[in-house]
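Only one structure is covered here, and it is reproduced in the block below.
Values below: all heavy atoms of this structure, side chains included; hydrogens, waters and symmetry mates excluded. Because the structure is a prediction, the values reported are computed rather than measured.
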Amino acid sequence: MAVRHEVENLIRRGNMFYWRPRVPAAFVQCRPGSRLSLSLHCSDHRRAQIIGRTLNTKLAELKLHSKKAMSKQQLQKLFEHERDKELERLDDINMMARRNGRGGDVVEMELDLEAGWACQLVAKFGSRVELTLETGCAGLTYLLNKDVPQTHIDAIRANYRAELAIARSPGFEDGIRRLIYNFEIDDTVANRQRAMSKVFEGRAAALLDITERHELVDKGQSEFTGGGRALAPTTDVKAADTPTCGSDPSPTPRVTEPPSASALTAAPKNPEVACLDLTPRSATSKQATSNASDAEQRVVAVSDFEQECDKLIANMGKEWTAETARDAKALVRMFQSVLAEHGVEHSGQIEQYHIGLLRQHFNDIPIDWGRSSRMRVMSAPELRAKGQDMRRTAEASGTKAKVGLAAATIRKHLGNLSHFLKHLKGHGFEIESWTFEGIRPRKPKAGDIRQQQYKPKPQDIVPIFSSPVYCGSRDHLRGKRRQPGKHVFHDSLYFLPILFTYLGPRRREFAGLHVNDIAKDDDGYVILLRTNSIRRLKTTQSQRLLPLPDELVRLGFIDYVQAIRRLGYEALFPDLFSNKTDNDPGNRFYDTFVPVMQGALGEKMWGRAIHALRHGMADTLKQAGVPTEVIDDISGRLSEGSETNTRYTNPAGLPLMRDALKHYPVITSDIERKPLQLLPWIENKQPPPWAREGKK
């Protein structure tokens, strides 16, 4: 038993002293009320007192000095860094404009000024509220007070919206974190906001500094500099006396209007690259050309591909799940690295050869690169070197190296690459014609696909229901749950394997059930599979009604649902959700259930363990003579090849499904019903003991 000592935070367990302080509330990354626990490896009480007091002093210093505000000197250095970086990039763009004979064009200067004022709005107002720049808007009042011409408001609005969109993107905040880390600034919300404002302020200062960069331009031709140019008429804009709209933008690449070289100002990381943004050009600054071939082709910098990918994801909307969007972003990052390795600076330089290089790159990288936070930040050469090391190690040990992506994964990545390149081409960026012919792995034949997944028979699954989860376990903790004992807890680990066996759903469909997704009709209880506040469904046909197996009712599932509802949970299986991250409940269930399966099945364990239950249910029903169309309706698939099934008829109804599911034998009859016992931390509404901060 631990005994407190006279020194604060010092306790003694047996003959050994421990330092066990409460984590200060100032450490926001730690759970409130949590404690440190450090063994001093010391049994002498005098020595333990000295160490304990020293540690208490260190903790107090950390508590007092862990959140220092950004100093004015740091702010100034950050501002100058961003301004100088932007000036270098703009000088390069200006040289490109001169090369194309537009060095003295007033439009080039006005494009810089419009983008500069857009950045200034983001710096002043932040990124939380969007400015409309309409009558009564605080942003419009600010611009008019700065003598910005009304005829350029539309163009500034377009630039501002693009800047705001990028500022709100997840990748931008990561960039701010890296920036303040490089400047040795504490990572706090306030410091990130200050840094964001200074980044935009620096860009704005560079863009608005036109004296030397546009010395060849006749300033009298522009309304910005006191002159006047014949422009298309625009609607009169008047500033209200009191501002009614605010904004809180953050930094992003600026939008550009005409297709000129100096319009290539999307704020790439590489100052030598010029690129355009995608926002439509304002009618006031858009200039027609007599011949389409005379217009210069736009390009986007390789360093800005992630920002373009964010726009693609936004365009796809609900057509893409969060997982699909994440996969697309990972592919774009990988493509960026391969292009940078071979000196490609913008989209106009991408050739078919580079797509081939990416395809070969897939063969030489570790299979699990996406799961490792360390490998995700590696460059393309570093990843291939890691793969080579893994191959050498495997050869030395006589094992197979986990290197080289699977054919299905490569097909998925090339599909995402096709989406991304079409996105760039569709927005007018220069992209050479490409093809995946000769590099895309062939799609498996139907006969091969049938043999890819093991389809467990009912007797193969029976041993799972003799595991300690159903017969009695030692405790509710993960490891002890697999050890024999006297406790039977009712949670996802108890009910979901039975549901997967009898109904064959997709993993996330049932792991993400809402308490209101269990209902009752005249013939019994039903499961409503629909999009809810917890998760989406994969396809339209995934939306369906399923009968609840009688075995679930016998084993107390309805009592469990009512208990979870009374406790105020929305999720039917709250043990699968973390209070720290938006985790996938299906993945969490996989992590806890697969070890249980392994312990029950031993050497008979099959691959893709949980998904195989879905195949096993379908196969068992088919062998019993159930029509495949009915099996597909139960599984949430759409049988193709029949006009009657796809167009003229609705999915199978509940009576037909109940009759079909009777053909699956009852294999859980040996499970004895136990009194309802929830997990202790679920019953007490405490955070899950397994929760941890998400990996970046």
Check: [Y] main-chain N/O paired with [X] side-chain donor or acceptor under 3.5 Å:
X      : Y      : result
His663 : Ala660 : yes
Gln623 : Thr620 : no
Asp517 : Leu513 : no
Asn579 : Pro687 : no
Ser635 : Ile631 : yes
Lys685 : Glu683 : no
Ser492 : Phe573 : no
His423 : His419 : no
Gln598 : Gly602 : yes
Asn532 : Gly512 : yes

For residues 508-528, which residue pairs qualify under ring pair (Phe, Tyr, Trp, His ring centres under 6.0 Å), counting only residues two or more places apart or in two chains? none
Residue pairs meeting ring pair (Phe, Tyr, Trp, His ring centres under 6.0 Å), one or both in residues 600-634, sequence neighbours left out, come to Tyr454-Trp606, His611-His615
Atom pair [atom1]/[atom2] of [X] and [Y] - distance to nearest 0.5 Å:
X      : Y      : atom1 : atom2 : result
Arg411 : Arg442 : CZ    : CZ    : 10.0 Å
Arg588 : Asn583 : CZ    : CG    : 8.0 Å
Leu358 : Leu331 : CG    : CG    : 6.5 Å
Leu545 : Ile527 : CG    : CD1   : 10.0 Å
Leu552 : Ile558 : CG    : CD1   : 8.0 Å
Leu312 : His427 : CG    : NE2   : 8.5 Å

Centroid-centroid distance, Phe489 to Tyr494, less than 6.0 Å: no
Using a strict threshold of under 4.0 Å (side-chain N to carboxylate O), is an ion pair present between Glu306 and Lys311? no
Between Arg481 and Asp475, is there a side-chain N and carboxylate O pair less than 4.0 Å apart? no
Residue pair [X] / [Y], side-chain donor-acceptor N/O under 3.5 Å:
X      : Y      : result
Thr668 : Tyr502 : yes
Ser542 : Arg506 : yes
Arg508 : Asn587 : no

Leu164 side chain near Glu130 side chain, heavy-atom distance below 4.5 Å: yes
Met334 pairs by side-chain contact (heavy atoms from CB on, under 4.5 Å) with which of Ile365, Leu417, Leu383? Ile365
side-chain contact (heavy atoms from CB on, under 4.5 Å), paired with Leu546, selected from Leu654, Leu529, Leu661: Leu529
Take Leu678 and Asp491, measure what side chain to side chain contact (heavy atoms under 4.5 Å, CB included) needs, and give me the verdict at the end. CA-CA 7 Å; Leu678 301 178; Asp491 61 344; over 6 Å; no
Hey, mind stepping through Asp584 and Tyr590 against side chain to side chain contact (heavy atoms under 4.5 Å, CB included) and telling me if it holds? CA-CA 10 Å; Asp584 186 324; Tyr590 180 91; over 6 Å; no
Apply side chain to side chain contact (heavy atoms under 4.5 Å, CB included) to the pair Thr501 and Tyr664, showing each step before the final yes or no. CA-CA 9 Å; Thr501 298; Tyr664 197 100; 3.6 Å; yes
Check the orientation of Phe557 and Phe495. Use parallel for under 30°, tilted for 30 to 60°, and perpendicular for over 60°. perpendicular
Crowded around Gln459 CD? As in, over 12 foreign heavy atoms under 6.0 Å? yes
Which atoms form the tightest heavy-atom contact between Ile518 and Val561, and what is the distance? CG1-CG2, 4.2 Å
Start with the C-alpha gap between Ile634 and Arg544, add the side-chain angles, then the distance that decides, and say whether side chain to side chain contact (heavy atoms under 4.5 Å, CB included) holds. CA-CA 8 Å; Ile634 294 173; Arg544 60 199 189 275; 5.9 Å; no
One pair to check against ring-ring contact (aromatic ring centres under 6.0 Å, His included): Phe500 and Phe593. What are the steps and the verdict? CA-CA 12 Å; Phe500 288 146; Phe593 180 53; 7.6 Å; no
